[in-house]
Amino acid sequence: MIQAARGTYDILPSDVGRWQFVERELRAVFERYAFSEIRTPAIEPTELFVRGVGAETDIVSKEMYTFVDRDGTTSLTLRPEGTAPVVRSYIQNRMSAESRMLKLYYIGPMFRRERPQKGRYRQFHQVGAEVLSSTDEPAIEAEVIEMLTLLFARLGVQGVTLEVNSVGCPACRGPFVERLREAIAARGSELCADCRRRGERNPMRVFDCKVAACQGTIAELPALHASLCDACAAHFGRFRGYLDDRRIRYTVEERMVRGLDYYMRTAFEMKSAALGAQDAVAAGGRYDWLAEALGGPPTKGFGFAMGLERLILSMPETESGHAATGPDYFLATIGDEPFRHAALLARRLREAGASVYLDFDRRSLKSQMRLADRLGARSVVMIGDDEVKSGKLTVRNMSTREQIEVTGDDLVETVRSHANS
Ligand code: ATP
Ligand code: MG
């Protein structure tokens, strides 16, 4: 038997209701906040992520699915994240010409070759939003976080905590990174090989290390937070003020960095108490360098990405929206002529707006009734030779057990007037 590839899984019909419910809620909330959807390809030139995410990040250095195209000319990568593709599209399609704040969102699968575990897969789904504009005013940062709190409320997700930090800008990060590099070198023997390598090439990445044995030392390394430049400190202060205006609670995590290189100033992460070890639901921040790093016009950016698997795992069972929606009509038939008759009636009912289940397996009437019950059909229409002859169909309401006789035309008319009301 061929199994799904490691770290991938099927969303089965029995679970898909939850996904559809979440996607509906997401779209509704994005619409309220004036975000428009953007859909970018699942494959991109590898170069996009090397430049847009950063060569020293975990994603680029060890998690990407990269392959050379069959003609040997291009290296392609299954997208591991959504921000670089959105900014690529923004540049390519000259969206900056709109000269207004662009609020974009995406929903789709992402691919990272990680060790699979609960809440961590190789193909997973992210919803994300990107705000691209000429202003770096932090009001939008608070609005985006507010939008997430509304979404959690609508999905019944409780116990989400917000951690915020500022990762500075090139002006304050430059001198700090040198200090950090020295501090890491001095304590290199206490750190993992990855950390030592990062210490030389990209010291800020050390704060992203997940190795348990490193955490004690990392907590004692200097934090950028204390040496932010005036502009970054002021930005962070305004951001916090906007959160306070909204009564959104948070903690400042001085050593939190984002997993991508292009972040600056505001960074945030949201964690759910309902999740185990993989407790980060959503994460985001400001990336004012990214558009230029990808060869585009100077553009301020702020966004987040949220894992849908983890979001769904943190939802209460009851909030699933998967109350099975059975068909409006189950057409139960006995014999060939009635089946042909029923198939045509099914078409008319569907055109009129009803959902109809027609039993192609042609089981006995008794089994058809049982199946109708199991599927949660609201009514069963019984069609045998007599019904075909008389033109009168027996319709049984499955909850009241009431039966009425109607013609096919009347039934179609009832559905149509219902659909129009
Ligand atoms: P983590 O620290 O858990 O590896 P990350 O920093 O790599 O997360 P981001 O790149 O910021 O994650 O992605 C944002 C969100 O996407 C995460 O908070 C998480 O909810 C989700 N996510 C990331 N990687 C995976 C994965 N392999 N499987 C499922 N969800 C994921
Ligand atoms: Mg990761």
Side-chain angles (χ1 to χ4, degrees), residues 4-9 11 19 22 26 48-49 52-54 56-65 77-87 105-130 144-145 148 151-152 155 157 159-165 167 194 198 202 204-212 214-215 218 253 255-263 266-287 290 301-315:
R6 189 161 141 78
T8 71
Y9 63 94
I11 301 173
W19 284 80
V22 168
L26 282 166
L48 174 64
F49 302 110
V53 177
E56 280 305 310
T57 59
D58 277 357
I59 291 180
V60 174
S61 64
K62 46 189 177 197
E63 295 174 357
M64 293 203 305
Y65 284 98
T77 291
L78 293 181
R79 64 174 178 198
E81 60 97 43
T83 303
V86 168
V87 175
Y105 77 90
Y106 59 83
I107 304 179
M110 302 294 161
F111 306 85
R112 296 184 192 177
R113 198 172 189 292
E114 305 200 67
R115 194 169 70 76
Q117 51 202 289
K118 190 180 175 209
R120 192 178 293 287
Y121 310 93
R122 291 182 171 179
Q123 173 171 346
F124 61 101
H125 299 78
Q126 277 185 343
V127 57
E130 313 296 348
V144 165
I145 291 170
L148 281 166
L151 182 77
F152 292 137
L155 296 178
V157 176
V160 176
T161 53
L162 169 65
E163 296 176 357
V164 301
N165 191 22
V167 295
D194 273 349
R198 291 174 183 131
N202 191 343
M204 292 291 281
R205 290 266 66 81
V206 165
F207 292 116
D208 236 13
C209 179
K210 302 242 166 43
V211 175
C214 292
Q215 301 309 312
I218 289 173
E253 279 297 324
R255 285 177 180 76
M256 187 231 300
V257 295
R258 297 291 315 118
L260 320 176
D261 272 353
Y262 49 68
Y263 279 93
T266 310
F268 75 92
E269 203 159 290
M270 291 172 115
K271 292 183 174 166
S272 164
L275 298 171
Q278 317 303 327
D279 60 353
V281 192
R286 173 162 292 285
Y287 49 84
L290 179 60
F302 181 81
F304 75 85
M306 174 157 61
L308 286 186
E309 286 79 5
R310 295 188 199 171
L311 177 65
I312 288 173
L313 279 171
S314 32
M315 273 163 51

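Both counts, for ligands and for their atoms, begin at 1 and track the order of listing.
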Novice: Determine, using heavy atoms of Arg310 and all atoms of ligand 1, whether some pair is separated by less than 4.0 Å.
Specialist: yes
Novice: Show which atoms of ligand 1 fall inside a sub-4.0 Å distance from at least one heavy-atom site of Gly307.
Specialist: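 Listed by number with element, the hits are 15 (C), 16 (O), 20 (O), 21 (C).
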Novice: Below the 3.5 angstrom mark, is there an N/O of Arg112, backbone or side chain, next to an N/O of ligand 1?
Specialist: yes
Novice: Keeping Arg310 on the side-chain end and Gly119 on the backbone end, is there a donor-acceptor pair under 3.5 Å?
Specialist: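 The answer is yes, because a donor-acceptor pair under 3.5 Å joins these two groups.
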Novice: Examine ligand 1 and decide if any of its atoms is less than 4.0 Å from a heavy atom belonging to Lys210.
Specialist: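 Lys210: in contact with ligand 1 (<4.0 Å).
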Novice: What are the atoms of ligand 1, with element, lying closer than 4.0 Å to any heavy atom of Ala283?
Specialist: 11 (O)
Novice: For the pair Glu309 (side chain) and His125 (backbone), establish whether a donor and an acceptor sit closer than 3.5 Å, ignoring hydrogens and angles.
Specialist: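 Between the backbone of His125 and the side chain of Glu309 there is a qualifying donor-acceptor contact (under 3.5 Å).
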Novice: Return the set of residues passing ring pair (Phe, Tyr, Trp, His ring centres under 6.0 Å) with Tyr65 (not counting sequence neighbours), or none when no residue passes.
Specialist: none
Novice: Is the side chain of Asn165 donor-acceptor paired with the backbone N or O of Met256 at a distance under 3.5 Å, no angle test?
Specialist: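 Pair found, side chain donor or acceptor close to backbone of Met256.
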Novice: Once you measure the plane-to-plane angle for Phe304 and Phe268, does it fall in the parallel (<30°), tilted (30-60°) or perpendicular (>60°) bin?
Specialist: tilted
Novice: State the atoms of ligand 1, each with its element, that fall below the 4.0 Å cut-off from a heavy-atom position in Glu114.
Specialist: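 So the atoms of ligand 1 that pass are 24 (N), 25 (C), 26 (C), 27 (N).
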Novice: Is it the case that the side chain of Glu269 and the backbone of Val257 share a donor-acceptor pair, with hydrogens and angles ignored and the cut-off at 3.5 Å?
Specialist: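 No; zero donor-acceptor contacts below 3.5 Å.
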Novice: Does Ala280 reach ligand 1 with a nitrogen or oxygen that is under 3.5 Å from one of the ligand's nitrogen or oxygen atoms?
Specialist: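 Indeed, backbone or side chain, Ala280 has an N or O that close.
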Novice: Salt-bridge test for Arg112 and Glu81: reply yes if a basic N is under 4.0 Å from a carboxylate O, no otherwise.
Specialist: no
Novice: Among Gln126, Arg120, Gln278, His125, which residue places a heavy atom closest to atom 3 (O) of ligand 1?
Specialist: Arg120
Novice: Using a 4.0 Å heavy-atom cut-off, say whether Val281 meets ligand 1 through its side chain, its backbone, both or neither.
Specialist: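 The backbone, only.
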Novice: Arg258 heavy atoms, cut-off 4.0 Å: which ligand 1 atoms fall inside?
Specialist: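 Counting from 1, the qualifying ligand atoms are 9 (P), 11 (O).
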